[in-house]
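Each chain gets a letter, A, B and so on, in the order the sequences are listed, and its residues count up from 1.
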Amino acid sequence: MDPYGQEWMNAEHSMGTSIMAVAFDGGVVMGADSRTTTGAYIANRVSDKITPMTDKIYCCRSGSAADTQIISDYVRYYLSMHDIELGEDPDVDTAAKLFRELCYHNKGQLMAGIIVAGWDKHKGGQVFTIPLGGALVQQPFAIGGSGSSYIYGYCDSNFKEGMTKEECMEFVKNALSLAMARDGSSGGVVRLVVIDKDGSERKFFPGNKLPEFWMG
Amino acid sequence: MSILEYNGGCVIAMAGKDCVAIASDHRLGVQLTTVAMDATRIFPMHDKLYLGLTGLMTDITTLDQLFRFRLEMYEMRENRKIKPKTFSNLVSSTLYGKRFGPYFSEPVIAGLDKDNKPFLCSMDLLGCIAEADDFAVAGTCAESLLGTCETFYRPNLEPEDLFETVSQSLLAALDRDCISGWGAVVHIITKDGVTTRELDGRMD
């Protein structure tokens with residue numbers, strides 16, 4: 001053990017994390033855990049990793065907490081300028097591309113895995129994932145963060161096209177609960193954000209309200 | 001990540017009025033992946049002496065087997081149960097015997113001696129004994145455990161109150177450590193016997 005504290009004092013805040021987003025007809029459901037760690041110490045057990053860009057576009061952040069906070073601040077600023085210039089709400093793919101520009105061109109200095117999702121009037125609900133190198137990929141659903149490794153099988157076998165908003169919420173809650181049970185860097189509470197043409201709604205699920213699975 | 005943090009886990013022990021409590025979590029991990037939620041870190045050496053081991057699970061298992069063997073031999077020769085203080089010296093010299101290639105495990109010993117007076121100590125992986133009259137902790141969240149124990153501990157608690165205090169001290173620290181948790185067990189040792197209870201904690 002390190003009695004003088006050098007390891008954890010210099011370890012950066014990382015959002016080990018389990019994040020995901022699923023598109024349905026008319027919007028998206030986004031979810032995340034709430035654990036921020038400094039080494040093995042849980043620096044914040046109730047963090048909010050789903051960050052608003054506009055009222056109908058949000059992003060889920062994973063990786064370095066500092067990097068993703070700054071990147072999302074820049075994108076929020078660019079989008080607010082763009083909103084003024086356009087005179088209408090920005091599109092989800094515009095937001096995603098702005099994230100991509102920052103993540104790709106600074107790939108050497110950044111550690112950020114971001115999922116961008118939201119609703120716009122041109123293409124409805126959309127989910128984009130931007131993993132570590134800065135690629136931009138649109139998907140019907142996306143999972144990210146260290147906890148996502150544990151739920152690829154669950155998500156691949158349980159996702160179906162044409163789910164309703166409620167089915168998407170169940171899917172996200174179950175997947176994140178499974179990831180949080182197995183991944184040491186994920187845990188705390190589950191936060192959900194549901195976005196549709198009328199705006200966004202936040203939902204909160206503490207540990208005791210999460211589905212229970214086999215616990216060994 | 002250091003080798004003592006590879007599997008995760010922690011142990012806490014606290015003294016009360018003519019009783020001791022020893023508790024631990026149940027997680028077994030491979031770095032940040034959780035592999036089992038029913039790992040045992042606390043082993044009865046005899047009915048009034050319990051040994052809790054933290055650190056690398058393979059060394060925990062090996063040390064448990066080694067000390068059970070040494071105790072069988074001791075009881076055969078001495079025809080009596082070993083005293084907690086003597087046992088702590090046995091553990092210390094066993095660990096120091098591997099000074100330049102140590103067992104990656106830090107023990108906590110909790111027991112009642114002849115007059116049912118509580119005995120508590122913790123050790124580092126090389127066998128340095130730190131005896132305490134209030135509480136002893138070890139594991140990946142040892143610093144957090146020291147904080148919660150310092151806050152909640154009061155001297156001369158009865159067994160029922162000691163159980164509550166140990167449980168809350170353990171659970172509060174587990175909530176702040178990624179690599180400990182996933183259930184917990186508490187043993188309360190009194191002159192009349194041992195009560196073992198499982199705790200309902202966060203499973204993340």
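When each of Thr33(B), Asp38(B), Ile3(B), Ile179(B) is scored by its heavy-atom pairs under 4.5 Å with chain A, the top score falls to Thr33(B). Ranking Ser149(A), Gly147(A), Gly187(A), Ser177(A) against chain B, the residue ahead of the rest is Gly187(A), based on heavy-atom pairs under 4.5 Å. Interface remark: of the candidates Ser186(A), Gly207(A), Gly188(A), Gly188(A) forms the most heavy-atom pairs closer than 4.5 Å to chain B.
Contact of Asn44(A) with chain B is made through the backbone alone, with heavy-atom distances under 4.5 Å. For a residue to count as touching a neighbouring chain, one of its non-hydrogen atoms must lie under 4.5 Å from one of that chain's; by this rule Ser144(B) touches chain A with the side chain only. Neither the backbone nor the side chain of Asp124(B) comes within contact range of chain A; no heavy atoms are under 4.5 Å apart. Interface residue Arg176(B): backbone and side-chain heavy atoms are both found under 4.5 Å from chain A.
For an aromatic pair to be called close, the ring centres must be under 6.0 Å apart, and Phe104(B) with Tyr6(B) fails this. Less than 6.0 angstrom separates the ring centroid of Phe87(B) from the ring centroid of Phe67(B).
Test Glu167(A), Lys173(A), Glu166(A) against Glu170(A) for side-chain contact (heavy atoms from CB on, under 4.5 Å) and you get one pass: Lys173(A).
Going from atom CD of Gln138(A) over to atom CG of Asp93(A) covers 7.5 Å, rounded to the nearest 0.5 Å.
Salt-bridge annotation for Asp33(A) and Arg191(A): absent, with no side-chain N of the basic residue lying under 4.0 Å from a carboxylate O of the acidic one. Look at Asp204(B) and Arg45(A) and you find no salt bridge, because none of the NZ, NE, NH1 or NH2 atoms lies under 4.0 Å from a carboxylate O.
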